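To start, the structure under review is shown below, and the notes come after it.
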Amino acid sequence: MEFTELERIRYEKILAMRAAGLEPYPTRAEVNQTTAEAIRAFEKAEAEGRQDPLQAILGGRLRAIRLMGKLAFAHIEDGSGRIQLFFRVNELGEEAMQRFKDQFDIGDYIQASGDMIRTRTGEISLQVHDFKMLAKAITPLPAAKDEVVDGQVVRHATLADPETRYRQRYADLAVNEDVRKIFRTRAAVVSAIRAFLDERGFLEVETPILQPIYGGAAARPFITHHNQLKQDLFLRISFELYLKRLIVGGFDRVYEIGRDFRNEGVSYKHNPEFTQLEYYWAYADYLKVMELTEQMIAFVCDRIFGTRKVTYCGNEIDFNPPWRRVDLRQGLIEKTGIDIQQHPTAESLEAVMLEKGMKFKPGTARGKLIDHLLGEYLEPTFIQPTFLYDYPRDISPLAKNIPGDPSIVERFEGFVGGMELCNAFTELNDPLEQEARFLEMGREYDVEDEERHPMDEDYLNAMSYGMPPQGGFGMGIDRLVMLLTDQRTIREVLLFPHLREREDAS
RNA sequence: GGGCGCGUAGCUCAAUGGCAGAGCAGUGGCCUUUUAAGCCAUUGGUUGAGAGUUCGAUCCUCUCCGCGCUCACCA
């Protein structure tokens, strides 16, 4: 290892410990409770008026050290919180006191045993009788100092550089409590979703990530290769076609929470790999799915926050059902003055868009033009939870048309905070119609356009065995977590967001 | 991929075409109830990398690397 000067000083402390017969990285710890448990136990004993000393063996990372001659104070932090350690030469003896001063630095993991007390200022602390190193830190933590204001830890001049924070997330998490909190919330969100779906009879399944044919969405895939099978494989861009095969197999309600991979640009709301929830629900339709979506998000909010109102980018967002519902055609008429029904061809739609002075890539399919209109004129306006429904079939090859109108499908997307959150439809279950749609989509896109939906013969085969009518649903978990934790970039809710590899070693 | 911005000590940030600074951290000392402890002293820099202009570049120019914002792309 190459050491900086600060690291070399700490390394020399390791050598000094070893020379004195002390192990800087002992195999075992004797910690018998968390700092939070120790504090709770002490408060309970106090309330019961117990006089006998309460003992504890605590472990944690040193976050602050205050040396005061024959006294020393320190704060340690573990996963449950923090507690003050109180070192006094009367209890420890000169030698142990000196050992603490000489060998311990902020960032080290320490084990301390002693009696729980209150200091003169009333802070519950561990009066240390004995201590040992659990793990010596060599690299200093990138945080300067903490202050406790009204019980809240305020970190001064802490790690802020986004590049370092993402590249060394371990350091970011170690010093930034609010970052840890985001990921605790994230775990709680996923757990709440599972509980919600499990309670309603949905079966959690796992389907292939490596797929011979990718489908279920319009996106460019990552390609990999299986050496022994001599076969190219794609990382899935969606779970849809596999989950619906399971519906054919007789599992009436299935869901999967997992990773999708899309070889597209990164942005504040896009990451090449992201976490998706999809469920499929036999005998339901998109209206029932809308209601279940409202209930599911409300359930998650109730369980995590105890309220259905959250703040996102300065807006109070109200997740109480029902969400606003906007008919796609009407919505576009209101916002753009264009009635897509009046423009059944790409040429006609393009003409009116040009007439309105809109900027877009000419020569694209009608579906993509409509998509552009949605993204440009509707999506950013949907701050409060909104369902946009009844999509043109052009951009929805797996959705079933509304009764009596082959040009419109039963599909909705949910928007919150100006961002697409979920997408759902009444699933197309007519194999002949599905085959026609695949062929249609194949014509819409160039042969070399990787976004075109490739024909999935096996999926058609599954459907031709008989697929019940059903509603299907997909939602970006990362985006939901962004909304619920008030983060404006997806990187803040991903533990290890993708960054370009650095070439220079410096 | 295009445009704009940024990169200075371990961390957070200053500064200037002429010896690169502060706070915290670190090191040495004082200190028996501190909590951003305090006080005294002090170490620490290839200013992201490389090239150019210049008597002199951290600053100006160019190239490269990385990050951020933004546009494009993106069910």
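Bear in mind the structure is a predicted one, so any value in this text is a computation, not a measurement. Chain letters run A, B, ... following the sequence lines, proteins first and then strands; every chain starts at 1.
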Checklist entry - Contact class for A/Thr119 vs. all strands (heavy atom < 4.0 Å): base, sugar-phosphate, or nothing? => result base
Next on the checklist: Taking only the C1' atom of each, what is the distance from B/A20 to B/C73 in whole angstrom?
Outcome noted: 43 Å
Checklist entry - Does A/Arg262 pair with A/Glu273 as a salt bridge, N-O distance under 4.0 Å? => result no
Next on the checklist: Rounded to whole Å, please give me the gap between NZ in A/Lys101 and P in B/U32.
Outcome noted: 9 Å
Next on the checklist: Does the structure show a Watson-Crick or G-U wobble partner for B/C62, both distances under 3.5 Å? Name it, or say none.
Outcome noted: B/G50
Checklist entry - What is the base-pairing partner of B/G38, counting Watson-Crick and G-U wobble geometry with both distances under 3.5 Å? => result B/C30
Checklist entry - Rounded to the Å, how far apart are A/Leu6 CG and B/U43 C1'? => result 10 Å
Checklist entry - Is the Lys NZ or Arg CZ of A/Arg8 less than 6.0 Å from the centre of A/Tyr11's six-membered ring, within 45° of the axis? => result no
Item to check | Rounded distance in Å between the P positions of B/U61 and B/C4 | outcome: 13 Å
Checklist entry - Counting any heavy atom closer than 4.0 Å, what does A/Leu499 reach on the DNA or RNA strands: base, sugar-phosphate only, or nothing? => result sugar-phosphate
Checklist entry - Taking NZ, NE, NH1 and NH2 as the nitrogens, is one of them in A/Glu413 or A/Arg411 under 4.0 Å from a carboxylate oxygen of the other? => result yes
Checklist entry - What is the pairing partner of B/C4, taking Watson-Crick or G-U wobble pairs with both distances under 3.5 Å in any strand? => result B/G68
Checklist entry - B/C74 C1' sits how many Å from A/Asn263 CG, rounded? => result 11 Å
Checklist outcome for this item: Picking from B/A75, B/G68, B/U33, the nucleotide nearest the side-chain atoms of A/Tyr166 would be B/G68
Item to check | Separation of B/C71 C1' from A/His270 NE2 (nearest whole Å) | outcome: 14 Å
Next on the checklist: I want to verify a distance call: between B/U32, B/C11, B/C31, whose nearest atom is closest to the A/Leu159 side chain?
Outcome noted: B/C11
Checklist entry - Is a side-chain N or O of A/Thr489 found less than 3.5 angstrom from the main chain of A/Arg491, in a donor-acceptor match? => result yes
Checklist entry - With rounding to whole Å, what would you report as the distance between B/C59 and B/U47 at their P atoms? => result 10 Å
Checklist entry - B/U43 P sits how many Å from A/Glu12 CD, rounded? => result 18 Å
Next on the checklist: How many whole angstroms separate atom CZ of A/Arg63 from atom P of B/A37?
Outcome noted: 12 Å
Checklist entry - What nucleotide among B/U32, B/A25, B/U35 has an atom nearest to a side-chain atom of A/Thr121? => result B/U35
Checklist entry - Is the NZ atom of A/Lys335 crowded by more than 12 outside heavy atoms at less than 6.0 Å? => result no
Checklist outcome for this item: Under a 3.5 Å limit on both distances, the Watson-Crick or wobble mate of B/G44 is none
Checklist entry - Strictly under 6.0 Å, is that where the ring centroids of A/Tyr389 and A/Phe412 end up? => result no
Checklist entry - Rounded to whole angstroms, how far apart are CD on A/Glu376 and P on B/U70? => result 14 Å
Checklist entry - Relative to the ring of A/Tyr279, is the ring of A/Phe473 parallel (under 30°), tilted (30 to 60°) or perpendicular (over 60°)? => result parallel
Checklist entry - Would you say the ring centroid of A/Phe234 lies under 6.0 angstrom from that of A/Phe222? => result no
Checklist entry - Going by modelled atom types, is there a donor-acceptor pair between the base of B/U34 and the side chain of A/Arg66 at under 3.5 Å? => result yes
Checklist entry - Does OP1 or OP2 of B/G68 have a side-chain N or O of A/Arg500 closer than 4.0 Å? => result no
Next on the checklist: Counting the benzene-type ring for Trp, do A/Phe100 and A/Phe131 have ring centres under 6.0 Å apart?
Outcome noted: yes
Checklist entry - A/Glu240 near the nucleic acid: base, sugar-phosphate alone, or nothing, with a heavy-atom cut-off under 4.0 Å? => result nothing
Next on the checklist: By nearest atom, which of the nucleotides B/C74, B/U12, B/A37 is closest to the A/Met68 side chain?
Outcome noted: B/A37
Next on the checklist: Any base atoms under 4.0 Å from A/Glu420, or only sugar-phosphate, or nothing? Heavy atoms, all strands.
Outcome noted: base
Checklist entry - Is A/Lys13 near enough to B/U27 that one of its side-chain N or O atoms lies under 4.0 angstrom from OP1 or OP2? => result yes
Next on the checklist: Quick check: on RNA chain B, is the nucleotide nearest A/Pro140 upstream (toward 5') of the one nearest A/Arg479, or the reverse? Name the residue that is more 5'.
Outcome noted: A/Pro140
Next on the checklist: Over all strands shown, is A/Arg411 touching base, sugar-phosphate only, or nothing at heavy-atom distances under 4.0 angstrom?
Outcome noted: sugar-phosphate
Next on the checklist: Is it the case that the base of B/U33 and the side chain of A/Glu123 share a donor-acceptor contact (distance under 3.5 Å, atom types as modelled)?
Outcome noted: no
Next on the checklist: Rounding to an integer number of angstrom, what distance separates B/U43 and B/G21 when you compare their P atoms?
Outcome noted: 12 Å
Next on the checklist: Between A/Phe86 and A/Thr164, which residue's closest nucleotide on RNA chain B lies nearer the 5′ terminus?
Outcome noted: A/Thr164
Checklist entry - So what does A/Ile9 hit on the nucleic acid, given a heavy-atom distance under 4.0 Å: a base, only sugar-phosphate, or nothing? => result sugar-phosphate
Next on the checklist: Which nucleotide, if any, forms a Watson-Crick or G-U wobble pair with B/A57, using both distances under 3.5 Å?
Outcome noted: none
Checklist entry - B/G21 pairs with which nucleotide, Watson-Crick or G-U wobble, both distances below 3.5 Å? => result B/C13
Checklist entry - In whole angstroms, how far is the C1' atom of B/A75 from the CZ atom of A/Phe239? => result 14 Å
Checklist entry - P atom, B/G26 versus B/C69: distance in rounded Å? => result 33 Å
Checklist entry - Which whole number of Å gives the distance between the C1' atom of B/A15 and that of B/C67? => result 23 Å
Checklist entry - When the C1' atoms of B/G44 and B/A9 are considered, how many whole Å apart are they? => result 6 Å
Item to check | Nucleotide opposite B/A75 in a Watson-Crick or G-U pair, distances under 3.5 Å | outcome: none
Item to check | Candidates B/A25, B/C11, B/U35 - which lies nearest the side chain of A/Ile106 | outcome: B/A25
Checklist entry - Taking the C1' atom of each, how far is B/U63 from B/A75, in whole Å? => result 40 Å
Next on the checklist: Just N and O in the side chain of A/Lys368: are any of them under 4.0 Å from OP1 or OP2 of B/C74?
Outcome noted: yes
Checklist entry - Does the side chain of A/Arg491 get closer than 4.0 angstrom to OP1 or OP2 of B/G68 through an N or O atom? => result yes
Next on the checklist: Base of B/U32, side chain of A/Asn90 - is there a donor-acceptor contact under 3.5 Å?
Outcome noted: yes
